[in-house]
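Working notes for the structure below.
Every heavy atom of this structure was used, including side-chain atoms; hydrogens, water molecules and symmetry mates were not.
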Amino acid sequence: MEHMETFPKIISVDDHTVEPPHVWRDRIPSKYQDTAPRIVRAPLKEMTFVGGKFAPKMGEPGDDGPIADWWVYEDLHRPLTRLDTAVGYSRDEVKLEAITYEQMRPGSYSVPERLADMDVNHVQSALCFPTFPRFCGQTFTEAKDRELGLLGVRAYNDWMVEEWCGPEAHGRLIPLTLVPLWDAELAAQEVRRNAARGVRAVCFSEIPPHLGLPSIHGDEWDPFLRACDETGTVIAMHIGSSSRMPSTSADAPPAVGSTITFANCCFSMVDWLMSGKFDRFPNLKIMYAEGQIGWIPYILERADVVWEENRGWGGVADKVLQPPSQLFADHVYGCFFDDAFGLKNVDAIGVPNVLYETDYPHSDSTWPKSKEVGEAQMGHLPADLVERIVRGNAIDLLGLTPEGLWAGAA
């Protein structure tokens with residue numbers, strides 16, 4: 001086979017949007033104006049990120065401290081940070097600091113500027129995870145007012161579909177929606193509501209019990225899973241979507257967690273492979289954003305051994321009816337932005353199960369050199385396999401047009 005002469009246009013399955021201030025202000029009834037999500041400019045009093053726990057404290061007007069834009073929602077105060085939007089800054093300038101909208105690259109929150117930054121980075125289309133709602137909307141799950149929380153979820157989804165991925169995006173931004181995680185029936189309704197307008201991906205937590213929610217081993221999530229199965233909606237799980245990043249101790253520096261960020265995906269994937277859900281819902285597809293892929297071959301090898309040798313006492317004999325490696329091949333997708341080791345072993349993973357991402361605008365992002373990183377790490381692969389990894393698999397999984405665009409509601 002011929003090796004690539006030109007690198008394919010990238011379809012990134014893990015980028016992020018920083019929501020503009022009007023998302024909830026314009027879409028939630030005015031009676032909630034004092035409790036619904038809104039932006040307040042205030043000083044930062046203190047902010048730490050130790051042992052995998054992010055802890056900011058907002059100051060009062062007139063207090064000392066750097067000025068930042070804060071999302072305020074019920075009792076929650078969450079500042080915009082440099083880690084939310086680091087592109088355009090040197091690595092040494094990317095620190096744990098609170099910022100304002102004016103201090104971030106406009107492509108973080110504005111569609112025209114986002115498309116321009118995608119052009120710079122050889123990216124054709126992008127699927128974007130949220131920022132303020134967090135990676136699976138757990139901000140709304142943790143809130144007190146369930147009625148307001150449901151309005152918040154739906155408002156985000158309406159903004160995502162109608163504005164972020166609206167006509168101005170020309171099909172280049174692919175919608176990714178939220179569900180009310182506290183109620184699986186309501187979640188199923190929201191999946192179906194969005195599927196009816198062409199949405200084919202929904203956020204979910206990689207380890208729901210960390211959020212105080214049921215695990216996937218019981219039947220509590222079945223209404224949600226059935227809705228995804230029947231509508232062809234992909235369940236997208238981002239690292240940290242359980243609100244607990246991997247760490248080893250309360251005083252471990254962030255570098256420890258940053259090195260082992262894949263661990264939640266690893267634990268989650270074994271959960272799913274041993275849950276029996278793929279046998280019950282044969283059309284279900286799941287993907288792991290920012291989890292990288294180099295760890296996958298050993299986990300599949302070990303899972304197959306356990307399934308073959310230990311299933312008599314392992315609690316899976318009556319529900320996991322196929323080898324885990326086969327379930328992975330049929331249902332699971334790993335996503336990476338920088339994993340040379342994984343690409344050297346991609347045959348052991350399965351080329352059809354690998355997706356590419358750029359992580360714009362986060363601190364780990366390969367922007368504006370995602371093409372160059374891909375060329376360096378995929379240079380040993382035949383051109384047709386590169387095409388599958390960089391865009392073809394995403395087109396098939398997300399139901400995009402042959403040109404790699406979101407077509408919207410049918």
Original post:
Are there more than 12 heavy atoms of other residues, nucleotides or ligands under 6.0 Å from atom CD of E60?
Top reply: no

Practice item. May I ask you to decide whether D64 forms a salt bridge with K45, counting only side-chain N to carboxylate O separations under 4.0 Å? Key: no

| query | Taking the six-membered ring for Trp, are W24 and Y73 ring centroids under 6.0 Å apart? | reply | no

Considering only NZ, NE, NH1 and NH2 on the basic side and carboxylate oxygens on the acidic side, decide whether D119 and K9 come within less than 4.0 Å. no

### Task
May I ask you to test the V13-F336 pair for a side-chain heavy-atom distance under 4.5 Å?
no

Quiz item: cation-pi between R226 and F281, 6.0 Å / 45°: no

*Could you check if a side-chain atom of S125 sits within less than 4.5 angstrom of a side-chain atom of S12, using non-hydrogen atoms only?*
no

Please check if the distance between the ring centroids of H238 and Y288 is under 6.0 Å. no

With a 3.5 Å distance limit and no angle check, can you tell me whether R172 reaches the backbone of Q124 through a side-chain donor-acceptor pair?
yes

field: Within-4.5 Å side-chain heavy-atom neighbours: V40 and W71
entry: no

- Residues E142, R134: salt bridge by 4.0 Å N-O rule: yes

| request: Assess whether salt bridge (charged side-chain N to carboxylate O under 4.0 Å, His left out) is satisfied between D396 and K285, documenting all intermediate values. | output: CA-CA 12 Å; D396 293 345; K285 307 285 187 182; over 6 Å; no

Centroid-centroid under 6.0 Å between F224 and F204 rings: yes

Residue set satisfying side chain to side chain donor-acceptor pair (under 3.5 Å) with D222, at least two apart, ordered chain then number -> K277, R280

| request: Measure the shortest side-chain to side-chain distance between E97 and T81 over non-hydrogen atoms and say whether it is less than 4.5 angstrom. | output: no

For V390 and Y356 the tightest heavy-atom approach is CA-CB, 4.1 Å

Residue set satisfying side chain to side chain contact (heavy atoms under 4.5 Å, CB included) with D364, at least two apart, ordered chain then number -> E290, F337, D359

Task: Pairwise side-chain contact, N121 with Y360, heavy-atom cut-off 4.5 Å (strictly under) - done: no

Report task. Would you mind checking if R82 and E93 are paired as a salt bridge, meaning a charged N to carboxylate O distance below 4.0 Å? Result -> no

- Candidate pair Q103 and T100, rule side chain to side chain donor-acceptor pair (under 3.5 Å), full reasoning: CA-CA 5 Å; Q103 292 172 293; T100 65; 3.3 Å; yes

Closest non-hydrogen contact found for E190 with P180 is CB-CD, 4.1 Å

Answer whether the closest heavy-atom distance between the side chains of D15 and R114 falls below 4.5 Å. yes

Sorted by chain and number, sequence neighbours left out, salt bridge (charged side-chain N to carboxylate O under 4.0 Å, His left out) with D75 holds for K144

(Q) The test is salt bridge (charged side-chain N to carboxylate O under 4.0 Å, His left out); show your working for R105 and D117 and say whether it passes. (A) CA-CA 10 Å; R105 195 169 181 89; D117 279 354; 2.7 Å; yes

Checklist entry - Salt bridge between R78 and D84, side-chain N to carboxylate O under 4.0 Å? => result yes

